[in-house]
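Just below is one structure, and these are the notes that go with it.
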Number of protein chains: 2
Amino acid sequence: MLSKKTKYAFHALTYLGKHKDQGAVPIQEISTHHNISHKFLENILLELKKAGLLGSKKGKGGGYYLIKLPNEIPLSKVIRLLDGPIALLPCVSLNYYEPCEECASQEKCGLNMVMAEVRDETLKILEMKTLQDILERE
Amino acid sequence: MLSKKTKYAFHALTYLGKHKDQGAVPIQEISTHHNISHKFLENILLELKKAGLLGSKKGKGGGYYLIKLPNEIPLSKVIRLLDGPIALLPCVSLNYYEPCEECASQEKCGLNMVMAEVRDETLKILEMKTLQDILERE
DNA sequence: ACAAAACCTACAAATATTATAGAGTAAATG
DNA sequence: CATTTACTCTATAATATTTGTAGGTTTTGT
């Protein structure tokens, strides 16, 4: 399941997408609108900024804004940033690979291959669908 | 990511599948072989039994054994039992449905539909693949 | 100068996961 | 029939992760 962090991130991105002609949007406005703790959201937006999805402006009249087009932000990117791996096993994760400690050998692990399939199908969707798709549905 | 509980469950089921002509297999044997805490595994096997996947025999010479054919045990069943929902959002879960608290309306939630797609593709695989498939690969 | 708002680090609280303990119950066996 | 083996059940402890808070610093517009 997606964490609250990730869900909040999507809410914030969606809000910014809807208000992109408004320029910089202060955290306060988003947190009030979506009923999210101001400080918690702060951390999330900072991460999104560091990852290159958002720009920001300090001081009075400042806030956050998208620096990419909504169709350039795949859902997979957001999930990976806030939640980590999309795969169900570390040994089939593309971005957060780790060998399974309890598995003797990776070749002999029967789960391995099935979970790689699940990962591929999931990514097909999450990499194709973008913030744009979410915006179109709200 | 799958929890240890779920991974242990798969290991145990696989072990039981490989040793099914041996009759009842005591917890001890599995926990030693896979290096799992005896007591922890105990809880897991009990859950699998209550769910109708395993049978058990008490006393000397007792243990657990499969009461279904490996091809009758889809991976989805095991994951749901130990880990809960397979879907990424509660509002698109088939077995553990709950409305998303922070979403205003479900129809207006842009994530909803995409995550239902992900769920469907994931289930296509996890419901088709069974313990049999894992056994064949080990 | 002042107020608004992002930036940053650390910490606290809540929740979930993983693991352990110990007292029952049932069955086999000598 | 006593003993040993092994499942059953419930409660609790330990650990890790997630969620949320606190408080100060820096930047910017007026």
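Heavy atoms only: backbone and side chains are in, while hydrogens, waters and symmetry mates are out.
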Open item on the list: Taking B:S3's backbone N and O only, do any of them form a donor-acceptor pair with B:D83's side chain (distance below 3.5 Å, no angle check)?
Closed with: yes
Open item on the list: Under a 3.5 Å distance rule, please check whether A:T6 uses its side chain to pair with a backbone N or O of A:L2 as donor and acceptor.
Closed with: no
Task: Test: A:K5 and A:E47 ion pair at under 4.0 Å - done: yes
- [ ] May I ask you to say whether B:E127 pairs ionically with B:R80, meaning some side-chain N is under 4.0 Å from a carboxylate O?
- [x] yes
Open item on the list: What's B:L45 touching, base or sugar-phosphate or nothing? Going by heavy atoms closer than 4.0 Å.
Closed with: nothing
TODO: Could you check whether B:K50 gets within reach of a base, just the sugar-phosphate, or nothing at all, counting any heavy atom under 4.0 Å?
DONE: sugar-phosphate
Please report the distance, rounded to the nearest Å, between [atom1] in [X] and [atom2] in [N].
{"X": "B:I27", "N": "C:dA19", "atom1": "CD1", "atom2": "P", "result": "15 Å"}
{"X": "B:K4", "N": "C:dT20", "atom1": "NZ", "atom2": "P", "result": "10 Å"}
{"X": "B:L46", "N": "D:dA6", "atom1": "CG", "atom2": "P", "result": "17 Å"}
{"X": "B:H38", "N": "C:dT18", "atom1": "NE2", "atom2": "P", "result": "19 Å"}
{"X": "A:L41", "N": "C:dA5", "atom1": "CG", "atom2": "C1'", "result": "13 Å"}
{"X": "B:M1", "N": "D:dA16", "atom1": "CE", "atom2": "C1'", "result": "14 Å"}
{"X": "A:Y8", "N": "D:dT18", "atom1": "OH", "atom2": "P", "result": "14 Å"}
{"X": "A:D83", "N": "D:dT19", "atom1": "CG", "atom2": "C1'", "result": "13 Å"}

Task: Beyond-backbone contact of A:L66 with A:K68, side-chain heavy atoms, under 4.5 angstrom - done: no
Open item on the list: Does any part of the side chain of A:K49, heavy atoms only, come nearer than 4.5 Å to the side chain of A:Y64, both counted from C-beta?
Closed with: yes
TODO: Can you check whether any acceptor in the base of C:dC8 is under 3.5 Å from a donor in the side chain of A:E42, or vice versa?
DONE: yes
Task: Quiz item: B:K39 side-chain donor-acceptor pair to C:dG22 base, under 3.5 Å - done: yes
Can you check nucleotides 24-28 of chain C for protein contacts, nitrogen or oxygen pairs under 3.5 Å, and list what you find?
from	atom 1	to	atom 2	distance (Å)
C:dA26	O4'	B:K58	NZ	3.3

Task: Heavy-atom neighbours of A:N95 CG exceed 12 at 6.0 Å - done: yes
Open item on the list: Taking the minimum atom-to-atom distance to the side chain of B:N43, which one of D:dT10, C:dC7, D:dT8 wins?
Closed with: D:dT10
Task: Side chain of B:S56 - closest among D:dG20, D:dT8, D:dT19 - done: D:dT8
Open item on the list: Can you tell me if B:S37 touches the phosphate of C:dT18, counting only side-chain N or O atoms and a distance under 4.0 Å to OP1 or OP2?
Closed with: no
TODO: Check whether any side-chain nitrogen or oxygen of A:Y65 sits under 4.0 Å from OP1 or OP2 of C:dA6, and answer yes or no.
DONE: no
